[in-house]
2 protein chains.
Amino acid sequence: MQTLSQYPAPRPPGGTPSQTEWGNNDILGIAARPYKPHSILCRQDDEEDTIFIIKSGWTLLYRGLPDGDRQIIDTPLQGDIVGFRSVPGPRFASLAAITDAAVHPIPRKALTDLILSEGSFGSKIARSLARTNAIVAEHLVNVGRRNAMRRTAHFLLELEERLTKVGLSAEGGYDCPLTQNELADILGMTPIHVNRTLRELRRAELVSFKTGHVEMLNRKSLIKLAGFEKEYLS
Amino acid sequence: MQTLSQYPAPRPPGGTPSQTEWGNNDILGIAARPYKPHSILCRQDDEEDTIFIIKSGWTLLYRGLPDGDRQIIDTPLQGDIVGFRSVPGPRFASLAAITDAAVHPIPRKALTDLILSEGSFGSKIARSLARTNAIVAEHLVNVGRRNAMRRTAHFLLELEERLTKVGLSAEGGYDCPLTQNELADILGMTPIHVNRTLRELRRAELVSFKTGHVEMLNRKSLIKLAGFEKEYLS
DNA sequence: AGGGGTCGCTAACTTAGGTTAATTTTTGGT
DNA sequence: ACCAAAAATTAACCTAAGTTAGCGACCCCT
């Protein structure tokens with residue numbers, strides 16, 4: 001498995017807690033904490049030494065610039081580990097929930113101790129980090145070398161693939177709580193241009209992005225346009 | 001320590017091999033292999049399962065696009081670990097040397113076995129990965145949300161800081177083998193615009209970038225222009 | 001039910017950065 | 001010392017994306 005997304009395994013809301021490799025729904029004895037939409041889990045420059053493991057919901061990892069701009073670095077989803085750092089000290093990015101979310105806040109020390117005492121755990125973390133690396137790297141390629149259309153298309157395809165892996169995508173599309181503003185901060189463009197671009201993609205009958213839902217109209221052409229290769233997400 | 005750059009410790013060429021935490025100049029019994037400038041250490045889509053630890057020299061980690069464009073993701077230097085992946089299978093990026101370089105090619109299996117058997121090693125890898133994450137994330141912020149001047153300034157400051165950490169930077173500047181073309185592929189812009197931008201930076205007496213050497217003319221103003229905060233490199 | 005927010009959408013205009021093309025300088029090989 | 005190739009540089013022009021501005025459609029308050 002590529003992510004830790006199987007811990008805890010996806011299950012229908014309200015179902016009985018399933019036994020997972022973590023043993024139960026706690027991670028290191030820490031229960032998932034609920035967060036409201038738009039709540040901030042941590043801020044860049046926080047000294048507080050917590051790592052977050054997402055259990056459910058959508059979150060944004062971003063870095064704000066002095067002039068008020070921000071760049072969204074990743075959209076951590078179910079199973080993703082966020083905020084692992086090489087040293088204690090201030091973080092460099094903020095994490096916010098955009099939907100209701102359940103997240104395990106793990107003290108860094110607890111995690112590093114576990115890594116030291118149990119090799120298999122370290123390799124799990126390392127794998128998760130390697131995957132994040134790949135995602136952010138591809139994101140960089142996207143922003144650095146693809147134009148608005150391809151860039152947007154590529155991101156929407158990435159989202160679909162990631163959601164599929166955690167069982168949150170249907171055949172023809174997927175639910176997506178992102179606003180066009182947030183999309184702009186992900187893609188490194190202005191909201192106005194995002195709007196234009198989404199219109200184009202809709203007119204070309206490739207994808208339709210509208211509040212709450214993304215519909216794949218012609219996945220094949222979209223993949224071709226974006227030059228999307230999903231391997232980096234494995 | 002933040003990177004593995006202290007293993008082996010930098011030493012004058014021709015000197016006696018210094019004893020390091022690795023025990024000697026080998027890593028997992030593997031000696032550093034020399035690479036010529038412009039040689040390619042691995043290609044994206046390679047199935048071969050090797051991780052690289054840079055001993056000396058400059059390298060580029062990049063991803064090529066079908067249309068011939070490429071985005072350079074990172075410039076791994078002395079001590080950096082490159083190519084750690086979550087699963088066996090094709091890589092998603094290529095690695096090339098741009099100077100003479102010495103690099104330890106480590107089979108993935110050897111490294112993961114070691115992680116499993118020795119916790120402290122896993123945490124070293126995890127820390128290195130976390131640092132790479134931070135660097136690539138900041139790179140993304142740079143390309144996504146800073147204009148040509150700030151972006152270029154920011155990158156040149158990052159390089160200085162990273163080189164300083166491995167003892168490869170002097171007071172007023174540092175040696176840098178990057179061409180303007182390569183700079184363009186790092187910064188997600190065209191070589192022509194890189195040239196324009198460097199000219200501006202030189203005229204403004206902030207930095208002077210010319211073949212082989214970067215000279216800091218006014219570091220304070222440059223840092224201010226770029227909004228550079230070096231903490232993410234720790 | 002009125003009012004302040006955010007969000008989506010569009011149009012008109014501006015600009016940073018891309019494109020094309022050509023010249024000079026530097027580098028590396030023999 | 002000579003040649004070929006790569007790297008740097010500049011100018012003129014063009015376009016993708018940014019900026020500014022304005023208008024409805026929904027929220028969620030109280």
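The analysis underlying the following values was restricted to heavy atoms, covering all of them including side chains, and did not include hydrogens, waters or symmetry mates. Lettering follows sequence order; numbering is per chain, from 1.
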Q. When the distance from CZ of B/Arg196 to C1' of C/dT19 is rounded to whole Å, what number comes out?
A. 9 Å

Q. Starting at CG of B/Leu198 and ending at C1' of C/dG17, how long is that distance when rounded to a whole Å?
A. 15 Å

**Q.** Length of the CZ-P vector between B/Arg203 and D/dT10, whole Å
**A.** 6 Å

Q | Side chain of B/Thr211 (C-beta onward), nearest among D/dT19, C/dG17, D/dA8 | A | D/dA8

**Q.** Terminal axis angle for the helix from C/dA1-D/dT30 to C/dT30-D/dA1, five pairs an end, nearest 10 degrees
**A.** 60°

Q: When you get a sec, tell me which of D/dA7, D/dA17, D/dG18 is the closest nucleotide to the side chain of A/Ala148?
A: D/dA17

Q. Would the number of heavy atoms belonging to other residues, nucleotides or ligands and lying under 6.0 Å from CD of B/Glu205 be above 12?
A. no

Q) Any side-chain N or O of A/Asn195 less than 4.0 Å from the OP1 or OP2 oxygen of C/dC9? A) yes

Q | Whether B/Asp80 side chain and B/Leu77 backbone form a donor-acceptor pair below 3.5 Å | A | yes

Q.
Go nucleotide by nucleotide along DNA chain C from the 5' end; which of B/Val194 and A/Leu178 gets its closest nucleotide reached first?
A. A/Leu178

**Q.** Closest listed nucleotide, where the reference is the side chain of B/Thr179 and the choices are C/dG8, D/dA7, C/dG18
**A.** D/dA7

Q: Quickly work out the A/Arg145 CZ to C/dG17 P distance and round it to whole Å.
A: 13 Å

Q: Indicate yes or no: at least one non-hydrogen side-chain atom of A/Thr75 is less than 4.5 angstrom from one of A/Leu61.
A: no

Q. Base, sugar-phosphate, or nothing for A/Gly188, non-hydrogen atoms under 4.0 angstrom?
A. sugar-phosphate

(Q) Does B/Arg199 reach a base, just sugar-phosphate, or nothing at all? Heavy atoms under 4.0 Å. (A) sugar-phosphate

(Q) Of the listed nucleotides (D/dA17, D/dT19, C/dG18), which one gets closest to any side-chain atom of A/Thr190? (A) D/dT19

Q: Could you please name the option among D/dG18, D/dT10, D/dT20 that lies closest to any side-chain atom of B/Ile192?
A: D/dT10

Q: Name the closest nucleotide to the B/Gln180 side chain, picking from C/dC7, D/dG18, D/dA8.
A: D/dA8

(Q) Taking the minimum atom-to-atom distance to the side chain of A/Asn181, which one of C/dT19, C/dC7, D/dG18 wins? (A) C/dC7

Q: Take atom CG of A/Asp185 and atom P of D/dG18, then tell me their distance rounded to the nearest Å.
A: 12 Å

Q. In whole angstrom, what separates B/Met189's CE from C/dT19's P?
A. 13 Å

Q. Taking 4.0 angstrom as the limit, do A/Lys210 and A/Glu215 come out as a salt bridge?
A. no

Q.
Under 4.0 Å between a side-chain nitrogen and a carboxylate oxygen: does that hold for A/Asp67 and B/Arg145?
A. no

Q. To the nearest angstrom, how far is A/Arg151 atom CZ from D/dA17 atom P?
A. 7 Å

Q) Is the backbone of B/Thr179 close enough, under 3.5 Å, to the side chain of B/Glu182 for a donor and an acceptor to pair up by distance? A) yes

Q.
Which label fits B/His154 and B/Tyr232: parallel for a plane angle under 30°, tilted from 30 to 60°, or perpendicular past 60°?
A. parallel

Q) Is any side-chain heavy atom of A/Leu233 closer than 4.5 Å to a side-chain heavy atom of A/Glu138? A) no

Q: Could you check how far NE2 of A/His193 sits from C1' of C/dC9, rounded to whole Å?
A: 15 Å

